[in-house]
Amino acid sequence: MEVARTFGATQTALFTNADTKPTEEGTTLIITVSSDRGLCGGIHSSVSKASRKHVEDKPNAQVVVLGDKAKSQLSRTIRNNIRLSFNQIGKATPTYAEACVIADTILKEKVEFDQAIVVYNYFKSVISYEADTIPVYAVSTFSKSGKFDAYEIEDDVLENLQEFALANSIYWGLAEGHASEMASKRSAMENATKNAGEMIDKLTLTYNRGRQAVITSEL
């Protein structure tokens, strides 16, 4: 996750320094990062809720969902906006190769966009996370940046940059989301264990009191 953050922050800094901004009439792609498994509180609900808010602002936005959990939640309200979905997510630690496959599939399916927004859970601590976004821009949008002339980039390099930025952003979101999910699951299991222990103690106390009452009655 720390490595993914480093590459992701560097990529985001490029767009920031170039003063890249989305156009009002441009098309938007929303990539929601979740997984296929539950037992981790509202971690999937947070990215689903954030994705729905973005769709409210951009009703014509297309949505790509990573993970069955968010897909089932988003299908209830914005089914018509979902263009692609991926499953088998979250079973193991995410790899950059998986992110590249997802990015390649999006590009091969001709999902056109001027701006992509990766919605993911940002890992803050073992007990805290929050839904956040990573911006990715198409070549047409990046080339219109206010300070684009400061970079000497050839056209074929721009195409490669877009592919790398998309895959890199997806990997960053997957890594952050996986860390948040594992921490949330651990916290949920610790709470469940604590609650079970308290229930056992109460039942044991009730049993001992009943047993003592029976013995006292017999005496």
Side-chain angles (χ1 to χ4, degrees), residues 1-18 20-22 26-36 44 47 50-51 54 61-71 74 81-123 129 131-145 148 151 153-182:
M1 183 193 70
E2 294 292 345
V3 173
R5 273 185 182 178
T6 301
F7 278 91
T10 303
Q11 168 197 302
T12 303
L14 171 64
F15 295 131
T16 302
N17 294 331
T20 308
K21 297 179 180 179
T27 56
T28 301
L29 172 66
I30 299 171
I31 303 174
T32 305
V33 181
S34 70
S35 71
D36 296 343
H44 303 302
V47 291
S51 298
H54 285 295
Q62 299 183 88
V63 179
V64 173
V65 188
L66 311 184
D68 287 337
K69 285 295 180 180
K71 179 184 177 183
L74 294 176
N81 295 84
I82 298 178
R83 176 69 182 275
L84 293 173
S85 63
F86 298 82
N87 56 14
Q88 304 300 315
I89 304 294
K91 288 187 175 181
T93 304
T95 64
Y96 186 73
E98 291 175 338
C100 288
V101 170
I102 295 171
D104 287 342
T105 303
I106 293 174
L107 296 175
K108 287 179 180 178
E109 291 295 325
K110 305 296 182 182
V111 182
E112 298 181 357
F113 61 90
D114 294 302
Q115 176 195 21
I117 302 173
V118 179
V119 182
Y120 71 105
N121 281 309
Y122 177 78
F123 179 87
Y129 59 88
D132 203 352
T133 59
I134 305 169
V136 184
Y137 300 98
V139 172
S140 58
T141 305
F142 180 56
S143 60
K144 296 176 183 177
S145 301
F148 178 75
Y151 299 91
I153 305 177
E154 299 178 359
D155 292 341
D156 57 340
V157 177
L158 278 175
E159 295 290 342
N160 293 334
L161 177 62
Q162 177 184 344
E163 295 177 8
F164 169 75
L166 183 59
N168 191 45
S169 299
I170 292 173
Y171 177 61
W172 185 12
L174 286 171
E176 292 271 3
H178 184 74
S180 300
E181 182 176 341
M182 292 301 103

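Note that the numbering runs from 1 along the sequence shown for the chain.
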- Query: Can you tell me if CZ on Phe7 sees more than 12 non-hydrogen neighbours from other groups inside 6.0 Å?
  - Reply: no
- Gap separating the OG atom of Ser34 from the CG atom of Asn87, nearest 0.5 angstrom: 10.5 Å
- Note on the structure: Between Ser51 and the options Thr133, Thr32, Asn81, the side chain to side chain donor-acceptor pair (under 3.5 Å) test singles out Thr32
- Item | Separation between CG of Asp68 and OG of Ser85, rounded to the nearest 0.5 Å | 7.0 Å
- Task: Side-chain contact test, heavy atoms from C-beta onward, threshold under 4.5 Å: evaluate it for Asn121 versus Val47 and give yes or no.
- Result: yes
- Task: Output yes when a side-chain donor or acceptor of Asp36 lies under 3.5 Å from a complementary backbone atom of Ile89, and no otherwise.
- Result: yes
- Evaluate side-chain contact (heavy atoms from CB on, under 4.5 Å) for Leu166 paired with Leu107, printing each intermediate quantity in order. CA-CA 10 Å; Leu166 183 59; Leu107 296 175; 4.1 Å; yes
- Message: Do Gln115 and Leu29 have side chains that approach each other closer than 4.5 Å (heavy atoms only, starting at C-beta)?
- Response: no
- Message: How close do Val136 and Phe15 get, counting heavy atoms only, and between which atoms?
- Response: CA-CE1, 4.4 Å
- Item | Backbone N/O of Glu2 and side chain of Thr6: donor-acceptor pair under 3.5 Å | yes
- Query: Phe148 and Phe142: aromatic ring centres closer than 6.0 Å?
  - Reply: yes
- Item | Spatial distance of atom CD (Glu176) from atom CZ (Phe123) [nearest 0.5 Å] | 8.5 Å
- Message: For Tyr120 and Asp132: C-alpha separation, side-chain torsions, deciding distance, then whether side-chain contact (heavy atoms from CB on, under 4.5 Å) applies.
- Response: CA-CA 6 Å; Tyr120 71 105; Asp132 203 352; 3.9 Å; yes
- Message: For a quick test of reading the model, state the closest non-hydrogen atom pair linking Arg83 to Lys110 and the distance between them.
- Response: NH2-O, 3.9 Å
- Message: Within the structure provided, determine whether His44 and Glu181 are in side-chain contact (heavy-atom separation under 4.5 Å).
- Response: yes
- Under 3.5 Å donor-acceptor, Asn17 side chain and Ala13 backbone: yes
- Hey, are the side chains of Ile170 and Val33 touching, using non-hydrogen atoms and a 4.5 Å cut-off? no
- Query: If you look at every heavy atom in Ser180 and Tyr129, which pair is closest and at what distance?
  - Reply: OG-CB, 3.8 Å
- Message: Would you say that Phe86 contacts Val65 through its side chain, given a criterion of any heavy-atom pair below 4.5 Å between the two side chains?
- Response: no
- Is a side-chain donor-acceptor pair under 3.5 Å present for Thr27 with Gln62? no
- Is there a donor-acceptor pair closer than 3.5 Å between any side-chain N or O of Thr141 and the backbone N or O of Asp114? yes
- Note on the structure: Value for CD (Gln11) from OG1 (Thr16), rounded to nearest 0.5 Å, stands at 10.0 Å
- Can you name the closest pair of heavy atoms from Pro94 and His178 and give their distance? CD-CG, 3.5 Å
- Can you measure from OG1 (Thr93) to CD (Glu98) and round to the nearest 0.5 angstrom? 9.5 Å
- Message: Tell me the closest heavy-atom pair linking Ser145 and Thr20, and the distance in Å.
- Response: OG-OG1, 2.6 Å
- Task: Let me see the working for Ile30 and Val64 under side-chain contact (heavy atoms from CB on, under 4.5 Å), right down to the final yes or no.
- Result: CA-CA 6 Å; Ile30 299 171; Val64 173; over 6 Å; no
- Derivation of the side-chain contact (heavy atoms from CB on, under 4.5 Å) call for Ile31 and Ile117: CA-CA 6 Å; Ile31 303 174; Ile117 302 173; over 6 Å; no
- Message: Ignoring hydrogens, what is the shortest heavy-atom contact between Tyr151 and Ala18? Give both atom names and the distance.
- Response: CE1-CB, 3.8 Å
- Spacing of Asn160 atom CG and Phe164 atom CZ [to the nearest 0.5 Å]: 11.0 Å
